[in-house]
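As the structure lists them, so they are numbered: ligands from 1, and atoms in each ligand from 1. As the structure is a computational prediction, the values presented were derived from the model and not from experiment.
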Amino acid sequence: MAILFHESTKTFHLYNEQISYIFTVLKNGHLGQLYFGKRLRDRADFSHLLEFTPRPMAACTFEGDLSFSLEHIRQEYPIFGTGDIRYPAFSMERPNGSRIYDFTYQSHQITSGKPRLEGLPATYTESADEADTIAITLYDQVTDVQLLLTYTIFRDVSAIARSVRFICGKESAKLLQALSLCLDLPDDNYELLELTGTWSRERQVKFRPLESGVTSIHSMRGCSSSVYNPFIALKRPETTEGHGEVYGFSFVYSGNFLAQAEVDTFHTTRVLMGIHPQNFSVALQPGESFQTPECIMVYSEEGLNGMSQQYHTLYRTRLARGYWRDRPRPILINNWEATYFNFNEEKILEIAEKAKALGIELFVLDDGWFGKRNNDTTSLGDWFSNLEKLPNSVEGLAKKITDMGLKFGLWFEPEMVNKDSEMYRTHPDWVLGDPERNHCHGRNQYILDFSRKEVVDNLYDQMCKVLDCGHISYIKWDMNRSMSEVYAIGCPPEKQGTVMHNYILGVYDLYERLRTRYPELLFESCSSGGARFDPGLLYYAPQAWTSDNTDAAERLKIQYGTSMVYPISSIGAHVSAVPNHQTGRISPIETRANTAYFGTFGYELNVNTLTEEDQQKIKAQVAFMKENRALFQFGTFYRLQSPFTHEAAAWMVVSEDQKTALVGYYKPHAPANEPYERIRLMGLDPNLCYRVSLNDTLCGGDELMQYGLITSEHAVKSPDLNTVLGGDYRSRLYRLTAVE
Ligand code: DGJ
């Protein structure tokens, strides 16, 4: 890995074993993009990779030169007002109303490692030799404004982290758009992959061919959202899960975002990603600066799995942090679907006792334990025990449960308030919204202005009062509505445009303070299920509740999509009761578990109402997961066959030494007179021989990857506790063990 600067051509080459990223200083001083892709041999001059030709109507920079038009040159961080009339990467306004700036290369600095982004979540290094960083200063002579473009290349992953800092000079400026990344690609032969959906249908995999014009996704809801995840990929049409070129773009942020690909009439593609410009502006005084969040670009020529594995490795080991990062996650039981708001101490203790007997490790008390909360109209903001339900307080309950030998976890929704609460009665002005206008509610709740420090301080104090009891080792941090009227009472007019961003910084600040005070506390983020499953929150909470939809067949799709970017160790996945509360579907308990094993495993049902047989099955599943969770959560994950395109879906995890693998196979609908079926596996050692459980066969790794694993049902010879044969919603878990 290195970052080279060729003085003679003013060319920068960032490379590691897998990838190269090359750009240069153009003759007008701007930065031109030359190449991003598979590693190239270094040369001093790559300038021939840029094409120049006169184009009618083009705005040309130099008198007498008809071919230097920024509209037709690939750039690093394009500027409005210098000849490029495609979408720019930023927009800024001078006090005189002009939005024309002209940033040219001034200097650069190459350092080992990766500097922190103060107050923002970001990937990190643990030693200086894991990455190199270059910070390039661009300068606008007229206004004295500096732009700092920062790039980090990692040694062991095919990824580059990028962010931008705007540093105001001698005059003030209003930043109206500040994206984190631009990548100009030389052709348009791509399909755009997005993860799209809604509540209970998060992160569905969708491909659309790029067309001329703009293809974009976004969030303007104040959270990263379930509608679109802050991620896109551009893949070649022929790229599959296992083969072919793909570029991934992932935004390490939890608020509004924009991700778009613009194809021009000359068939080049411009990718932009960053904070959505809607409702965004930053008033910068001389000397002040604004730092964008970072984007992570990945290149892979090994298909979508290749791209995902780069994200998994980076996000699991160098974005997630702290005590839980490398630890297998506790098997939990959550009472939400078991009781909803209708519980008391006795009922909770009964569930916990049974859960303990079944081997479960962590009991999570969900919504309804605080204030007067018996339904969703009241008490958000009042984070003290509901003594009618819990006469010994939540702290007393937590002690009883920890005395049983279980860990105890607790639900909070710190950012929200109900009008019926002590918090709202005391601080009505802490709610976001214009006091002269109607405030929309969502689930009867209103949004606290987390851009205000005193609000965050209040929540910190309230939460610490509960957590200080010492019996709480897990928090589920929920957030159940989108922002609507974004106006902060008391905030000066020129700062209103920064409220949505500062809100997210307030969320990060509260997380950071709690993490610092309770370093062993395990956080699971949540937002009406999976509406804030994003890399920003992974920095604080190493796992996230993936969806309120716990139906196995639906979960297959949701987890399949989520795995495009996010590691298995981050994917909260529970076995719930049937008929399923979201779909009404009845699927076998084995299939529910076979899906949930590929995540941070748990249960979300009343174990006491199950049959003795199902209770024994749970006991066996818990024991099985304990034996295998390190492999599930930290092995190399491969998607094999998509539930979006195939009758049968499959995925697998492989141990680091490639000697053990687990293959999950799922078939939601039963056909009659089934055809022969096999699924080609991935990631095995072609030279090893594997014992394949269920089929009772010995197969070469090469056979399993080239010919495939026979999944025709007649081939199953020894069904085990994770096998469901016949009928709808059948599934199996094959174990592959290398034999000498
Ligand atoms: C939404 C979450 O996604 C659920 O799991 C649950 O915690 C409810 N909120 C509680 O109100």
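- Listed by chain and residue number, R517, Y518 satisfy the side-chain hydrogen bond (donor to acceptor under 3.5 Å, both in side chains) test with D468 (two or more places apart in sequence, or in another chain).
- Shown in contact with W545 at under 4.0 Å from a heavy atom are these atoms of ligand 1, numbered in order with element: 3 (O), 5 (O).
- Using a non-hydrogen distance threshold of 4.0 Å, K476 registers as a contact of ligand 1.
- For ligand 1, the polar-atom distance check finds an N/O of D366 within less than 3.5 Å of one of the ligand's N/O atoms.
- Between H441 and Y446, the ring planes are tilted. Angles from 30° to 60° get that label.
- Scanning the protein heavy atoms around atom 9 (N) of ligand 1, the nearest turns out to be D478 OD2, 2.7 Å.
- Geometrically, R515 does not engage Y511 in a cation-pi contact defined by less than 6.0 Å to the ring centre and at most 45° from the axis.
- Interface atoms of ligand 1 facing D367, defined by a heavy-atom separation under 4.0 Å, are 10 (C), 11 (O).
- Classification of the Y503-F450 ring pair by plane angle, with boundaries at 30° and 60°, yields tilted.
- Outside the 6.0 Å centre-distance limit, the rings of F632 and F601 are not counted as a close aromatic pair.
- On a distance-only criterion, S528 and ligand 1 share no N/O pair closer than 3.5 Å.
- At least one donor-acceptor pair under 3.5 Å links the side chain of N418 to the backbone N or O of L380.
- Backbone and side-chain nitrogen or oxygen atoms of F341 are examined, and none is located within less than 3.5 angstrom of a nitrogen or oxygen of ligand 1.
- Close approach of ligand 1 to C526 (heavy-atom distance below 4.0 Å) involves ligand atoms 2 (C), 3 (O).
- Taking E294 as the reference, K114, L117, A122, T123, A161, S163, V252, I296 meet the side-chain contact (heavy atoms from CB on, under 4.5 Å) condition, with sequence neighbours excluded.
- A cation-pi arrangement, defined by a distance under 6.0 Å to the six-membered ring centre and an angle within 45 degrees of its axis, is present between R321 and Y540.
- Nearest-heavy-atom check against atom 3 (O) of ligand 1 across N480, N335, D548, N334 picks out D548.
- Residue S527 places no N or O, backbone or side chain, under 3.5 Å from any N or O of ligand 1.
- Below 3.5 Å of separation, one finds an N or O of R443 facing an N or O of ligand 1.
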